[in-house]
Amino acid sequence: MPGAQPVAASAAARFAAAVYAGLSKPQKELPCEYLYDELGSALFEAITMLPEYGLTRADCRAVAKLARDISPSYARIVELGSGSGKKTRPILEALRPSVYTPIDVSPAALARCGAELGAYAKFQPICARYLDGLCQAAMRRAPGERLLLLFLGSTIGNFDPSARAEFLAQLRGLLSPGDALVIGFDLIKPVRAMLAAYDDPTGVTAAFNLNLLARINRELGAAFKLRNFQHRARYNRAEQRIEMHLRSRADQSVEIPAAGFTCFLRRGETIWTESSHKFHPRQIPKMARAAGFVHDRMWVDDCWPLAESLWLA
Ligand code: AVI
């Protein structure tokens, strides 16, 4: 297939560059988007079933509620990060759009989503990063056709505050008056519950986190010994976020051939792999305004504090 190799090669080069940049910082870090290779995505699916991780179940309940309330005037529904597509079904059933466009970098996720949702509307998936995909989806619409953009499940919480503000303003820039965004925010809850959600006793979240090092071994030829690392989740109250880290159990050095780099870690030193920000409900309308949206309303789950909110462009 012409072009396939350069794309694969450049993805590997981008991954190697990100690993080199992140592990060269004083506080070592790795971008959380790399948690989601095939195994990582399967482990994330397993996380969503954990009794301690109420976020996805709360999201499904909030989405079912909002599906009953939103006006069915959007001909085109576009979703950022489709995942398996399961929680989107009530929205498609209620709003009956003509076109549904999930955007995801994973062809496998888009295929799963097609199997789940392909029957509810014309299925037009886009395999791309969020903003590129939204730009393509917005260009495909007919004049006057209103677009409803979905960004469910508090994935926005995985952005740091400045990237979040910039991203939300960019979304607004790609939408037109009459369009709307449904966006999910996991809310602040007792610290014990938040920590349990990211450090479950079954060890599924630990496996999800450690798989990032395993992925570097597989794809970049590195020799991380996974047993030399420990999964850590901590709540940073000032920044309102759960941080996931991988803590080195020993002084060690690890060669990463494809990044042309050897990583030195001291015992107790950590690699920061993900932030998951939590929000106060009062922060949500402020974020909407700052990004150029009008906050319309929100649906909060009764059991697990999480809000899905509707922002008008
Ligand atoms: C995808 N995202 C909203 C999840 C979260 O809760 O931040 C990712 C996750 N990381 C560990 N558990 C779940």
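Each ligand, and each atom within it, is numbered from 1 in the order the structure gives.
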Could you pull out all donor-acceptor pairs under 3.5 Å where a side-chain atom in residues 113-122 meets a protein atom, sequence neighbours excluded?
residue: E116; atom: OE2; partner: R89; partner atom: NH2; Å: 2.3
residue: Y120; atom: OH; partner: E93; partner atom: OE2; Å: 3.4

Near ligand 1, which protein residues have a heavy atom under 4.0 Å away?
Y36, F44, I47, Y53, L55, G153, S154, T155, N158, Y198, F208, M244, E274, S276

Only one of R232, R234, R237 forms a salt bridge (charged side-chain N to carboxylate O under 4.0 Å, His left out) with E243, so which one is it?
R234

CZ (R249) with more than 12 external heavy atoms under 6.0 Å:
yes

Please output the side-chain donor-acceptor pairs of residues 298-312 that fall under 3.5 Å, not counting sequence neighbours, one pair per line with the distance.
residue: W299; atom: NE1; partner: D69; partner atom: OD2; Å: 2.7
residue: D301; atom: OD1; partner: R61; partner atom: NE; Å: 2.8
residue: D301; atom: OD2; partner: R61; partner atom: NE; Å: 3.3
residue: D301; atom: OD2; partner: R61; partner atom: NH2; Å: 2.7
residue: D301; atom: OD2; partner: C303; partner atom: N; Å: 3.2
residue: D301; atom: OD2; partner: W304; partner atom: N; Å: 2.9
residue: W304; atom: NE1; partner: D186; partner atom: OD1; Å: 3.0
residue: E308; atom: OE1; partner: G184; partner atom: N; Å: 3.1
residue: E308; atom: OE2; partner: G153; partner atom: N; Å: 3.4
residue: S309; atom: OG; partner: W311; partner atom: NE1; Å: 2.8

side-chain contact (heavy atoms from CB on, under 4.5 Å) filter on S24, not counting sequence neighbours, yields Y20, F261

Using 30° and 60° as the class boundaries, would you call the ring planes of F208 and F44 parallel, tilted or perpendicular?
tilted

